[in-house]
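Written below as structure tokens is the structure these notes are about.
Positions are given from 1 along the sequence. Whatever order the structure lists ligands and atoms in, that order sets their numbers, starting from 1. We use all heavy atoms of the structure for the numbers below, so side chains are in, but hydrogens, waters and symmetry mates are not.
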Amino acid sequence: MKKTILSGIRPTGNLHLGHVFGAIQNWVKLQEEYECFFEIADVQALTDNFEHPEKVRKNVMELTIDLLSVGIDPKKAHLFIQSQISEIAELTVFYSNLVTMARLYRNPTVKTEIAQKKALFGNEGESVTYGFVGYPVSQAADITALRGELIPVGDDQLPLIEQCREIVRKFNAIYGETLKEPEYLLSKTPRIKGLDGQEKMGKSLGNALYLNDSSEIVSQKIMNAITDPQKIKKDDPANPEICMVYYYHQLIQNPNLKTVCQECKNGTRGCVACKKELIARMEEFLAPIREKSRYYENHLEEVQKILEEGTKEAKKRSTETIQQVKKSMMIDYEKDSTQER
Ligand code: TRP
Ligand code: SF4
């Protein structure tokens, strides 16, 4: 029996290279070996965007197209929409009794995000909703509804997995052995540096290179990338280890990497030429992704179908889970009607 992988992503914008190299390339590998469920976490996206449902709605389709274009294969993995699995919402309510407010506020991920909101909006009390503080509970519901065993995440998400494990232990201790504790699969490169030298590429950091950026924009962004500041003239020797251009040559697995490194160190490579090479390789890297993306843009009904089928599988699993959960909690009144679903 293949182990089950569950991971999720919020539909709040298009995919950029930080997502691709930090997470999605790993998902693409995992789908070869595991039973994979990848969740479009629209309910979670709404915790921050509840006033802009149209934005989340639009992003669900765009994100799905991006994921398919990068190589998520609907024949191998199930892509599903969180809001369509009502069992997740049910579990969220049931689990909410098993978590104290103090514990939620202590969750490092929540803590960091509250601090960010505070910096943005000033008054914490007015900007931090019940739904937001509780999103670790909802994420525990995502994981357990699908009975995810291995959860690929970046280290910023570890506290959420830990909290999920606590909820599972508490549930089992009170209602009897029902749920299984998930384990995390830590991404080796969860944080991808920006071309501008910032520690992370991110939408909010304004330094993201998007999969759907035009060739012109890609070229512009790479030409502006931060190189070794010590290198002034074209033939100054430099240190590729502190150069973002070199870092991206590595990420896109330039087969010419050794030469780039040597020539940089020897001072026989100018930064402009080096950037031009990266642009060319990036275009090569993006070409098949853009092509697939164009295909799906023109076959939206196919995308719809993929989501429907993935969601159907997710629903099947979650229905089984909720039946067991309700039985354990002695709220299984609908014994017979559940079979008709
Ligand atoms: N919170 C995750 C993020 O922001 C996305 C997510 C939603 C998730 N549900 C999940 C990750 C379940 C792992 C498992 O990146
Ligand atoms: Fe960076 Fe290339 Fe310039 Fe070296 S030659 S500093 S690797 S851009």
### Summary
Residues passing the side-chain contact (heavy atoms from CB on, under 4.5 Å) test with Ser96, sequence neighbours excluded, are none
### Query
Do Leu150 and Tyr184 come close enough that some side-chain heavy atom pair is under 4.5 Å?
no
### Query
Taking the side chain as C-beta and beyond, is there a heavy-atom pair between Cys274 and Cys264 under 4.5 Å?
no
### Glu181 with Arg169: basic N within carboxylate O range, under 4.0 Å
yes
### SB check Lys326 Glu90 (cutoff 4.0 Å)
yes
### Summary
To the nearest 0.5 Å, atom CG of Leu17 lies from atom CG of Leu209 at 5.0 Å
## Note on the structure
Listing protein N, O or S under 2.8 Å around atom 2 (Fe) of ligand 2 gives Cys274 SG
#### Entry: Any pair counted as salt bridge (charged side-chain N to carboxylate O under 4.0 Å, His left out), so long as it reaches residues 64-83, sequence neighbours left out
Glu32-Lys76, Asp73-Lys76
### Task
Pick out which of Lys200, Gln198, Met201, Met244 makes a side-chain contact (heavy atoms from CB on, under 4.5 Å) with Lys193.
Met244
### Query
Would you call Arg281 and Asn256 a side-chain contact if the rule is heavy atoms closer than 4.5 Å?
yes
### Query
Protein residues near ligand 1, heavy-atom distance below 4.0 Å?
Leu6, Ser7, Gly8, Arg10, Glu39, Ala41, Gln44, Gln139, Asp142, Ile143, Ile151, Val153, Gln157
